[in-house]
Number of protein chains: 2
Amino acid sequence: MALSAQQILELWRRVLVADLRRDHPDLTARQFALLLHVYLTPPPHTVRGLSAALSLSKPVITRALDRLGRFDYVRRKRDQTDKRNVLIQRTIKGSVTLREFGDLAAEIAAPMQPPPVALTPPR
Amino acid sequence: MALSAQQILELWRRVLVADLRRDHPDLTARQFALLLHVYLTPPPHTVRGLSAALSLSKPVITRALDRLGRFDYVRRKRDQTDKRNVLIQRTIKGSVTLREFGDLAAEIAAPMQPPPVALTPPR
DNA sequence: CCCTACCGTTTCGGATGCGCAACGAACCAT
DNA sequence: ATGGTTCGTTGCGCATCCGAAACGGTAGGG
């Protein structure tokens, strides 16, 4: 995946702008990173583990889970083998939402020119 | 740029997670989209124009500019030919910040495998 | 049994964001 | 001049975020 910094910035811009138009809940960068992490890395996921993996404090994780849970993007479940732990589980709605975002981004990436030869066109 | 939805999600995750660790100001998705838009699309940029381009209300643009301006990521300048307008200008610091983000993302994208053949490894 | 360690949550004060509506300043046509 | 239009900003009330510290519940060693 040879992508120049310039290309990625442009891709990022288009995806963000396109995503703004959709009316799903407005997630923080942190919340979105958390959502991606839960769905793209192998379980089990605990608050402590997520806190370490994302370099975020535990309260931040707890609150992000509150919010993601309200939208049914993730679910909490007590670990029955160690009742101190909380296991974060995926949901159908969360999968669908991420899937849509991925498809949107892929559609935007597809028609983009591989190497933008001239960065600064002559004025 | 043939990127699968799966690949982009993974790329997005890694970049977001890596970006969380850096200590720059925590920008909203909207604020970051605005920042990217100002730097990647040709000027001039006005509040009204940005509002239309990003599908955000004018107050949202104004407040985002307040915040971006506080970090010196952008600057406001009255349009002298039509003093109702405000022109949004780029800054050195903003360029550097975006450049760093782009480089970070490019470094993360580089070692990623082009086609992850098996999406769900057998358990 | 305790006592300690660990886990996730909650509380507190303060900062920031939003939508909606109203606002002052600048422009423009008549 | 003057009335209407367009520009960006601000005020209001409410929701949400944050960091730091304290909290209750669970686990595990001695």
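This one's a predicted model, so the numbers in the text were calculated from it and none came from an experiment. Below, read A as the first sequence line, B as the second, and so on, with proteins coming before strands; counting in each chain starts at 1.
- First and last contacting nucleotides of DNA chain C toward chain A (any atom under 4.0 angstrom from a heavy atom, 5' to 3' order): C:dC6 to C:dT11.
- Salt-bridge formation is not detected for the pair A:R70/A:D66: no Lys NZ or Arg NE/NH1/NH2 atom is positioned less than 4.0 Å from an Asp or Glu carboxylate oxygen.
- Looking at heavy atoms from C-beta onward, B:L3 lies in side-chain contact with A:L3 at the 4.5 angstrom threshold.
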Candidate pair A:L27 and A:F71, rule side chain to side chain contact (heavy atoms under 4.5 Å, CB included), full reasoning: CA-CA 11 Å; A:L27 298 183; A:F71 304 129; 4.1 Å; yes
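- Spacing between atom CG of B:L87 and atom P of D:dT9 amounts to 11 Å, rounded to whole angstrom units.
- By the side-chain contact (heavy atoms from CB on, under 4.5 Å) test, B:A18 is found to be paired with B:L104, B:I108, residues two or more places apart in sequence or in another chain being considered.
- The backbone N or O of B:K83 sits less than 3.5 Å from a side-chain atom of B:R78, completing a donor-acceptor pair.
- Not counting sequence neighbours, the partners of A:D82 by the side-chain hydrogen bond (donor to acceptor under 3.5 Å, both in side chains) test are A:R84.
- Cluster partners of A:I92, using a side-chain heavy-atom cutoff of under 4.5 Å among ILVMFWY residues and allowing indirect links, are A:V96.
- Not counting sequence neighbours, A:R63 has no partner by the side-chain hydrogen bond (donor to acceptor under 3.5 Å, both in side chains) test.
- Atom pair A:Q80:CD and D:dG25:P shows a separation of 17 Å (rounding to whole Å applied).
- To the nearest 0.5 Å, atoms CG (A:N85) and CZ (A:R76) are separated by 13.5 Å.
- Taking Ile, Leu, Val, Met, Phe, Trp and Tyr as members and joining any whose side-chain heavy atoms lie under 4.5 Å apart, directly or through other members, A:L87 forms no hydrophobic cluster with any other residue.
- Contacts with DNA chain C (heavy atom under 4.0 Å) in residues 67-75 of chain A: none are found.
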Determine all donor-acceptor pairs shorter than 3.5 Å in which one atom belongs to a side chain in residues 47-60 of chain B; sequence neighbours excluded.
residue	atom	partner	partner atom	Å
B:S51	OG	B:L56	O	2.4
B:S55	OG	A:R21	NH1	2.1
B:S57	OG	B:V60	N	3.4

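- Mapping B:S57 and A:R76 onto DNA chain C via the closest heavy atom, the residue that lands nearer the 5' end is A:R76.
- Protein atom CG of A:L56 is 8 Å distant from nucleotide atom P of D:dC18, rounded to whole Å.
- Atom pair A:N85:CG and D:dG25:C1' shows a separation of 12 Å (rounding to whole Å applied).
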What pairs of nitrogen or oxygen atoms, one from the protein and one from nucleotides 4-6 of chain D, lie under 3.5 Å apart?
residue	atom	partner	partner atom	Å
D:dT6	O2	B:R84	NH1	3.4

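- Proximity of residues 25-37 of chain B to DNA chain D (heavy atom under 4.0 angstrom from any strand atom) is not detected for any residue.
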Can you tabulate the close N/O pairs, meaning under 3.5 Å, that link protein atoms to atoms of nucleotides 10-14 of chain D?
residue	atom	partner	partner atom	Å
D:dG11	O6	B:R63	NH1	3.3

Return a table of donor-acceptor pairs under 3.5 angstrom between the side chains of residues 31-41 of chain B and protein atoms on other chains or two or more places apart.
residue	atom	partner	partner atom	Å
B:Q31	OE1	B:T28	N	3.0
B:Q31	OE1	B:R67	NE	3.3
B:H37	ND1	A:R13	NH1	3.1
B:Y39	OH	B:Y73	O	2.6
B:Y39	OH	B:T91	N	2.7
B:Y39	OH	B:T91	O	3.2
B:Y39	OH	B:T91	OG1	3.4
B:T41	OG1	B:H37	O	2.7
B:T41	OG1	B:H45	NE2	3.4

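- Side-chain atoms of A:H24 and A:D19, non-hydrogen and from C-beta on, do get closer than 4.5 Å to each other.
- A 4.5 Å side-chain heavy-atom check between B:R14 and B:M112 finds at least one atom pair inside the cut-off.
- Minimum interatomic distance between A:R90 and A:P42 (heavy atoms only, all atoms of both residues): NH2-CA, 4.4 Å.
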